[in-house]
There are 2 protein chains.
Amino acid sequence: MASTILIYEDNTRLRQSLELLLSEGSGFDVVGAFPDCDDAEGQVGRLQPEMVVMDIDMPGIGGIEGVRVIKSNFPEVKVIMHTVFDDDNRIFECICAGADGYLLKNTSPVKFIQSLEELGEGGAPMSPFIAQKVFQHFRQQNIIAESFNLTGREKEILEHLVKGNSYKMIADKCAVSVDTVKKHLQNIYHKLHVSCGTEAVAKALQHKIIRLD
Amino acid sequence: MASTILIYEDNTRLRQSLELLLSEGSGFDVVGAFPDCDDAEGQVGRLQPEMVVMDIDMPGIGGIEGVRVIKSNFPEVKVIMHTVFDDDNRIFECICAGADGYLLKNTSPVKFIQSLEELGEGGAPMSPFIAQKVFQHFRQQNIIAESFNLTGREKEILEHLVKGNSYKMIADKCAVSVDTVKKHLQNIYHKLHVSCGTEAVAKALQHKIIRLD
DNA sequence: TGATCTATTACCCGATTGTGTAATTGACAG
DNA sequence: CTGTCAATTACACAATCGGGTAATAGATCA
């Protein structure tokens, strides 16, 4: 039986092309196609599609908000992004908004159909380029600290700082004088090329010099 | 021209099946197939494959270490995992170790070939189930946030703080007085249940209230 | 319309932070 | 054995931070 599909795409010709592609015995049934998703909640509720194809750049609330709306009201509906945007921010925002897949608009009709089938089977189809970005992002989250040549003691003190301790508290925990802590932190700031504690904390966490669990 | 492939798979029958699948006019050329990857560095160096198919559960150093070794010595060689394991830890460890793709062993021969082609084109092919896990993980990494009820202005000011600005600098950037900034931060500290700027920065980054690129 | 929330400014005051300079000790390398 | 480096302490001084208190204005909500 054919899977029901709802399309959001503001470009009229492309929208019609998609409708055509998903008509004739493709195994899909387009139950609606709109140029914007300002009433996504109503439309999805009324038309009960199993999947939604969602453009990003549309007049009105735009596709990312669209996904969010649909997913928060109908979590079981599969939403796949279909867009020209391939920048990291947009990709990750969509995924976090609840998108189940991400296809670039240069995807061939054959691949497009395959992807929708995969979507129906519970997969998370994405264009090769997107998949690569996702993997990259994963790795970046876990690179080993770029060594700023901090000494053991310096790392120890920085860690206390990151955990919210004042100079005095650090001094106590390390059993040294406040002046020593002050000196160490001064050296640390130089090594990290920062000028204050907050910046140092940000850099330490960003570069995973210190990790919080 | 055929892409050169190296296979690591300890199950003899499966290894031979893969060799067979990738032989006859498939567009691939198997330049080696071994039951373990203890000498991956030497073998990859000698055989110069473009891609490596890597099992995980093998005698000796195992596939995950294998990927790490190959990727750190030959970053340009594409490595795709081929395994029965579908647990989160194993998946993410492989990705972080540098794997370029991840296929489960229930993948059909057709999909397997397609995936290797996609791998050659710079993609990151993965089984639907894996893709879904990856997306899920992404979302989990990025939920938490909201619960602190920071107002828009507060988030804005917190962001400046995280980026290393002093009260005075923030005041300038936001075009308000230092006292206003001070007041906002005071409120922010209360909402985040922290007592100083460094702690607030740590919490903001930890809970992804603010994200640094 | 009155209550609440957000954003804003102001002032006081003590505590903390950050810089500079200087000196001592022990460890380790050349 | 001499120089370098990590770790340590000390002191002085300026700047910044953080708390408390209070007040105004606009927006939103009930």
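What you see below is based on every heavy atom in this structure, not just the backbone, and it leaves out hydrogens, waters and symmetry mates. Quick note on labels: first sequence line is chain A, next is B, and so on, each numbered from 1.
- When the P atom of D:dA6 is taken as reference, atom CG of A:L158 falls 16 Å away, rounded to whole Å.
- Between B:L150 atom CG and C:dT6 atom C1' there is a gap of 13 Å when expressed in whole angstrom units.
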| message | Quick one, A:R153 with A:E156, criterion salt bridge (Lys or Arg N to Asp or Glu O under 4.0 Å). Give me CA distance, side-chain angles, the key distance, then yes/no. | response | CA-CA 5 Å; A:R153 194 59 156 174; A:E156 190 186 340; 3.2 Å; yes

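- Map A:V176 and B:H190 each onto its nearest nucleotide of DNA chain D; the residue landing nearer the 5' end is A:V176.
- The interatomic distance linking B:K191 (NZ) with D:dG19 (C1') rounds to 18 Å, in whole Å.
- Residue B:L185 contributes atom CG, which lies 15 Å from atom C1' of C:dT9 at whole-angstrom precision.
- When distances run from any side-chain atom of A:Q186 to the nucleotides C:dT19, C:dA7, D:dA7, the shortest one goes to C:dT19.
- Following rounding to the nearest Å, B:I170 (CD1) and D:dT16 (P) show an atom-to-atom distance of 13 Å.
- Put simply, the side chain of A:D86 never gets that close to the backbone of A:I130: no donor and acceptor are under 3.5 Å apart.
- Residue-environment remark: NZ (A:K163) stays at or below the threshold of 12 foreign heavy atoms within 6.0 Å.
- Listed pair B:S166 / D:dT16 fails the phosphate criterion, with no side-chain N or O lying under 4.0 Å from OP1 or OP2.
- B:S127 places no side-chain N or O within donor-acceptor distance of the main-chain N or O of B:F129, the cut-off being under 3.5 Å.
- Listed by residue number, there are no residues of residues 194-202 of chain B with a heavy-atom contact under 4.0 Å to DNA chain C.
- Side-chain contact check for A:V181 versus A:V176: some heavy-atom pair is nearer than 4.5 Å.
- You'll find that the side chain of B:Y167 is closest to D:dC17, out of C:dT17, D:dA10, D:dC17.
- Few gaps surround NZ on A:K191; more than 12 heavy atoms of other groups in view lie less than 6.0 Å from it.
- At least one side-chain nitrogen or oxygen of B:T151 sits closer than 4.0 Å to the OP1 or OP2 atom of C:dA7.
- In the set C:dG18, D:dG18, C:dT21, D:dG18 carries the atom at the smallest distance from any side-chain atom of B:K182.
- Spacing between atom CD1 of A:I188 and atom C1' of C:dT17 amounts to 14 Å, rounded to whole angstrom units.
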| said: What verdict does the salt bridge (Lys or Arg N to Asp or Glu O under 4.0 Å) test give for A:R46 and A:D39, after you've listed the backbone C-alpha separation in whole Å, the side-chain angles of each residue and the deciding distance to 0.1 Å? | reply: CA-CA 11 Å; A:R46 203 169 338 110; A:D39 182 33; 3.5 Å; yes

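- With a 4.5 Å cut-off on side-chain heavy atoms, B:Y102 and B:I56 count as touching.
- In terms of position on DNA chain C, the residue among B:D179 and B:I157 whose nearest nucleotide sits closer to the 5' end is B:I157.
- Within the 4.0 Å cut-off from OP1 or OP2 of C:dT8, not a single side-chain nitrogen or oxygen of B:T180 is found.
- When rounded to the nearest whole Å, the span between NZ of A:K183 and C1' of C:dG20 equals 7 Å.
- With C:dA7, D:dG18, C:dG18 as the choices, the nucleotide that has an atom nearest any side-chain atom of A:Y189 turns out to be C:dG18.
- Spacing between atom NE2 of B:H184 and atom C1' of D:dG18 amounts to 16 Å, rounded to whole angstrom units.
- Under 4.0 angstrom from either OP1 or OP2 of D:dT16 there lies at least one side-chain N or O belonging to B:K168.
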